[in-house]
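Here the structure comes first, spelled out in structure tokens, and everything after it is commentary.
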Protein chains: 2
Amino acid sequence: MAPRTRAEALSRERIVEAAVELLDADGERGLTFRTLTERLATGPGAIYWHVPNKGALLDAATASVIAAALTVDAGRSPQDEIRAIGLSLFEAIESHPWLSPQLALQLSRSPRGSVTPRIFEAIGQRVSALGIPENTWFTATSALVHYVFGAAGQNAANSRVLGPGVDRAEFLRAAANAWEDLDPAEFPFLRSIADEVREHDDREQFLTGIELILAGMTGGSRRP
Amino acid sequence: MAPRTRAEALSRERIVEAAVELLDADGERGLTFRTLTERLATGPGAIYWHVPNKGALLDAATASVIAAALTVDAGRSPQDEIRAIGLSLFEAIESHPWLSPQLALQLSRSPRGSVTPRIFEAIGQRVSALGIPENTWFTATSALVHYVFGAAGQNAANSRVLGPGVDRAEFLRAAANAWEDLDPAEFPFLRSIADEVREHDDREQFLTGIELILAGMTGGSRRP
DNA sequence: ACCTGAACACCGTTCAAGT
DNA sequence: ACCTGAACACCGTTCAAGT
């Protein structure tokens, strides 16, 4: 993490880029105005000239990573593209775990922050191509987006715990073992699925969840 | 927010209780060791005697609110109880918006933090009573939990933006109007659902999403 | 217009000292 | 065993001053 000598002039893009690198390297706590100024070989005042505050900087970092994740190849069906977008977001959050709480905050802020609207738009376009009634589009899209965020968030949290040194299979095994040791009276369900936890594949499970929602949307019964 | 004279001795419970009150009143930034010591009429050292650090305090506050939300009356079917638990969590997060990012963090931490396992257990018990194949329980439960968290998180964010003074209908109207003004080429979907956004009911939409997943689980086709 | 860097207010946490 | 409160290291942000 050697401080870089200032070749080019400072710019909003260079600041955001450096912020993403710091976040990727050390998580939320890796990004402070001290680490940032050191990395960019400048002072805090210079950064405040380009960015109004730290929140805006986090927003910009989030937007730049998500925008890249939302561009996926054309698929052979809307369903395929929904799977592709979901998986792309899933992987983006997996490799940038700091995105998860950030997205949770972004989710609101009305339609101001451009991130959530873009995700809604990307998935909604495919939902509207599924051939389901127009008055179900909004709800169906919301369900998909919420599921993706929830699932990806959990996964991000896992990969955060894992860290660089920890083996994934090892981690799952330990978690499953811990669940098996829980009080049978209080946690019968967790004990019953411990075996499955040990062997499951995150990505596959994520996609199966999308499948559940797609099945409910296109084939399932509607609520009375 | 008058500082309370110290009647009873300090205890972990009294500290957690005060923390929840401060969080409810002013969100995450409302809880600092200064506001907490002022409220409890004591010094920081006294709090550190009962609680190891701020993270643990937030965990305890989360656990206390979630535990209350997870106790629901017996329903007439597993589906009914799943709806009841989902709605109860939804409402808990709605009235304690600080729960949302906190849950996102809690989600991982292996099975250590007791919160996520309890939610999994509560929903999983009902899923296992649905009569679907045992090897689908884990994935189905995960999908439900992730959906609940994602949806509730969005709603929490909304209610955070709303604040005490802002009208809900007003807020939705403004959001819908903003979406209608977006570039038609870039955001055709958001424009098309603006009307629906204006009139939708959060709680109903949330439950319909649960219905989608339930339908996918019990009736829908499975992925080839 | 863009950058410098000292200074400010505030935060979580520690710890020697009291009872 | 439980509490006090001054002190420490660190944080985001400001702003007068430079170029």
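Below, read A as the first sequence line, B as the second, and so on, with proteins coming before strands; counting in each chain starts at 1. These values consider heavy atoms only, across backbone and side chains, with no hydrogens, waters or symmetry-generated copies.
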Could you give the [atom1]-to-[atom2] distance, from [X] to [N], as a whole number of Å?
X	N	atom1	atom2	value
E38(B)	dC11(C)	CD	P	11 Å
I47(A)	dG5(C)	CD1	C1'	13 Å
L36(B)	dT4(D)	CG	P	13 Å
K54(A)	dA9(C)	NZ	P	21 Å
I15(A)	dT13(D)	CD1	C1'	15 Å
L22(B)	dG12(C)	CG	P	11 Å
D26(B)	dC11(C)	CG	P	12 Å
R29(B)	dC11(C)	CZ	C1'	13 Å

Charged N to carboxylate O under 4.0 angstrom, E170(B) versus R173(B)?
->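 So E170(B) pairs with R173(B) through a salt bridge.
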
Is it true that R191(A) and E180(A) make a salt bridge, defined as a side-chain N closer than 4.0 Å to a carboxylate O?
->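 Looking at R191(A) and E180(A), the cut-off is not met.
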
Which range-with-range stems can be found for DNA chain C when each stem has 3 or more Watson-Crick or G-U pairs in a row and both distances sit under 3.5 Å?
->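 Stems (3+ consecutive pairs) listed as C:4-8 with D:12-16, C:12-16 with D:4-8.
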
Give each protein N/O atom lying under 3.5 Å from an N/O atom of nucleotides 14-19 of chain C, with the pair distance.
none

Verify, without hydrogens or angle tests, whether S88(A) (side chain) and A69(A) (backbone) share a donor-acceptor contact under 3.5 angstrom.
->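 Judged by distance alone, yes, a pair lies under 3.5 Å.
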
Examine distances only and state if a side-chain atom of R14(A) and a backbone atom of A9(A) form a donor-acceptor pair shorter than 3.5 Å.
->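 Checking the backbone N and O of A9(A) against the side chain of R14(A), a donor-acceptor pair under 3.5 Å is found.
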
Give a yes/no answer on whether the side chain of H50(A) brings an N or O atom under 4.0 Å of OP1 or OP2 in dC3(C).
-> yes

Answer yes or no: does a side-chain N or O of W49(B) lie under 4.0 Å from OP1 or OP2 of dC2(D)?
-> yes

What do you reckon, is CG of D201(A) surrounded by more than 12 foreign heavy atoms closer than 6.0 Å?
->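 Count over threshold, so yes.
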
Near-ring test [Y]/[X], centroid separation under 6.0 angstrom:
X	Y	value
F120(A)	F187(B)	no
F149(A)	F149(B)	no
Y147(B)	Y147(A)	no

When you get a sec, tell me which of dT13(D), dC3(D), dT13(C) is the closest nucleotide to the side chain of R34(B)?
->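 The answer is dT13(C), which lies nearest to the side chain.
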
Using atom P of each nucleotide, how far apart are dC2(D) and dA17(C) to the nearest Å?
-> 22 Å

Parallel under 30°, tilted from 30 to 60°, perpendicular over 60°: which one fits the rings of F138(B) and H200(A)?
-> perpendicular

